[in-house]
Engineer: 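I have a structure here, written as structure tokens, and I will follow up with some questions on it.
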Amino acid sequence: MEVLLASVPVADLQVAMEWYGHLFGRAPDVVPNLKEVMWNVAGNGWLYVNEDPERAGRTLVTISVTDLEQFVAELGGRGINAGPIEAVGDAGRKANVMDVDENVISWIQVAVAG
């Protein structure tokens, strides 16, 4: 496999683009048409936000970060408040945010074995 596209359906793309712009701290990396935009998240991993009102609000996407506290603080500086940081068993920790359609973006920091 070469590329991952994780799709997040939204009701109104223009409203979602503003929210995701704050989430990532930048405009979309690719705008292929009036109904979809894409942000490069990591390497060949992309978050694909598309206007699809019937499916909006039913998605969970999880993205790993190296320093969850720092990342949550950066989100707060951009006006995005993450839920509390909580343990995920022995696997690591996570914090969730919900977009304007209530899709969940979960940020995780994987525990280092050792």
Side-chain angles (χ1 to χ4, degrees):
M1 295 183 207
E2 296 178 353
V3 177
L4 170 67
L5 296 171
S7 174
V8 178
V10 297
D12 183 319
L13 185 61
Q14 294 306 310
V15 171
M17 276 179 48
E18 182 177 341
W19 189 87
Y20 280 93
H22 290 293
L23 183 73
F24 291 114
R26 65 183 195 277
D29 296 303
V30 177
V31 181
N33 59 59
L34 296 176
K35 297 288 183 181
E36 55 193 6
V37 295
M38 299 165 60
W39 278 267
N40 181 256
V41 177
N44 288 329
W46 294 79
L47 189 71
Y48 163 74
V49 179
N50 63 304
E51 191 167 303
D52 185 349
E54 291 180 20
R55 293 181 42 236
R58 297 188 216 157
T59 297
L60 166 65
V61 173
T62 302
I63 302 171
S64 177
V65 296
T66 56
D67 186 332
L68 189 57
E69 282 88 4
Q70 178 182 346
F71 190 79
V72 166
E74 289 171 8
L75 287 178
R78 295 193 296 265
I80 305 279
N81 294 316
I85 295 174
E86 46 192 39
V88 182
D90 293 333
R93 300 171 307 126
K94 73 174 182 174
N96 296 327
V97 298
M98 287 197 333
D99 74 7
V100 294
D101 290 298
E102 299 186 354
N103 292 300
V104 176
I105 310 298
S106 183
W107 303 96
I108 63 166
Q109 180 178 347
V110 178
V112 177

Engineer: Enumerate the residue pairs fulfilling ring pair (Phe, Tyr, Trp, His ring centres under 6.0 Å) with a member in residues 66-100, sequence neighbours excluded, ordered by first and then second residue.
Structural biologist: Phe71-Trp107

Engineer: I need the Met98 CE to Asn103 CG distance, nearest 0.5 Å.
Structural biologist: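 Interatomic distance, Met98 CE to Asn103 CG, rounded to 0.5 Å: 9.5 Å.
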
Engineer: Say you draw a straight line from CG of Asp101 to CD of Glu51; how long is it, rounded to the nearest 0.5 Å?
Structural biologist: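 Taking CG in Asp101 and CD in Glu51, the distance rounds to 9.5 Å.
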
Engineer: Kindly check if the number of other-residue, nucleotide or ligand heavy atoms within 6.0 Å of CD (Glu86) is above 12?
Structural biologist: yes

Engineer: Please say whether more than 12 non-hydrogen atoms of neighbouring residues, nucleotides or ligands are located less than 6.0 Å from CG in Asp67.
Structural biologist: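 Above 12, so yes.
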
Engineer: Provide the closest heavy-atom pair for Val49 versus Trp39 in the form atom of the first, atom of the second, distance.
Structural biologist: CG2-CZ3, 3.9 Å

Engineer: Answer yes if Tyr48 and Val30 sit in the same cluster of Ile, Leu, Val, Met, Phe, Trp and Tyr residues linked by side chain heavy atoms under 4.5 Å apart, and no otherwise.
Structural biologist: yes

Engineer: Quick check: closest heavy atoms across Ala95 and Ala82, and the distance to 0.1 Å?
Structural biologist: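 Looks like CB-CB, 4.1 Å.
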
Engineer: Rounded to the nearest 0.5 Å, how far does CG of Asn40 lie from CH2 of Trp46?
Structural biologist: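 Taking CH2 in Trp46 and CG in Asn40, the distance rounds to 4.5 Å.
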
Engineer: Using a 4.5 Å cut-off on heavy atoms from C-beta on, say whether the side chain of Leu13 contacts that of Leu34.
Structural biologist: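 Answer no - side chains too far apart.
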
Engineer: Counting heavy atoms not belonging to Leu5, are there more than 12 under 6.0 Å from its CG?
Structural biologist: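 Check passes, neighbour count above 12.
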
Engineer: Which pairs would a plain distance check flag for residues 72-79, meaning a side-chain donor or acceptor within less than 3.5 Å of a matching protein atom at least two apart in sequence or in another chain?
Structural biologist:
| from | atom 1 | to | atom 2 | distance (Å) |
| --- | --- | --- | --- | --- |
| Glu74 | OE2 | Gln70 | NE2 | 3.0 |
| Arg78 | NE | His22 | O | 2.7 |
| Arg78 | NE | Leu23 | O | 3.4 |
| Arg78 | NH2 | Leu23 | O | 2.6 |

Engineer: In terms of hydrophobic clustering (I, L, V, M, F, W, Y; side-chain heavy atoms under 4.5 Å; direct or indirect links), are Val8 and Ile63 co-clustered?
Structural biologist: yes

Engineer: Say whether Val41 and Val65 are linked into one hydrophobic cluster, either directly or through other cluster members, by side-chain heavy-atom distances under 4.5 angstrom.
Structural biologist: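 Yes, it is one cluster - the side chains of Val41 and Val65 are joined through contacts under 4.5 Å.
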
Engineer: Quick one, Trp19 and Val97 - any side-chain contact, counting heavy atoms below 4.5 Å?
Structural biologist: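 A side-chain contact under 4.5 Å exists here.
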
Engineer: Can you tell me how far OG1 of Thr62 sits from CG of Asn96, rounded to the nearest 0.5 angstrom?
Structural biologist: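 Reported value, rounded in 0.5 Å steps: 7.5 Å.
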
Engineer: Is Ile108 close to Val110 at the side-chain level, that is, under 4.5 Å between some pair of heavy atoms?
Structural biologist: yes

Engineer: For residues Phe24 and Leu47, determine if any side-chain heavy atom of one lies less than 4.5 Å from a side-chain heavy atom of the other.
Structural biologist: yes

Engineer: Is there side-chain contact between Val10 and Met17, with at least one heavy-atom pair below 4.5 Å?
Structural biologist: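 Val10 does not reach Met17 side chain to side chain.
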
Engineer: Quick check on the hydrophobic clustering: are Val37 and Val15 connected, directly or via other members, by side-chain heavy-atom contacts under 4.5 Å?
Structural biologist: yes

Engineer: Could you tell me the separation between the CD1 atom of Ile85 and the CD atom of Glu69, rounded to the nearest 0.5 Å?
Structural biologist: 4.5 Å

Engineer: With a 4.5 Å limit on heavy-atom distance, are the side chains of Ser7 and Thr59 in contact?
Structural biologist: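 Of all side-chain heavy-atom pairs linking Thr59 with Ser7, none is under 4.5 Å.
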
Engineer: For Val100 and Ala16, work out which heavy atoms get closest and say how close.
Structural biologist: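 Minimum heavy-atom separation between Val100 and Ala16: CG2-CA, 4.3 Å.
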
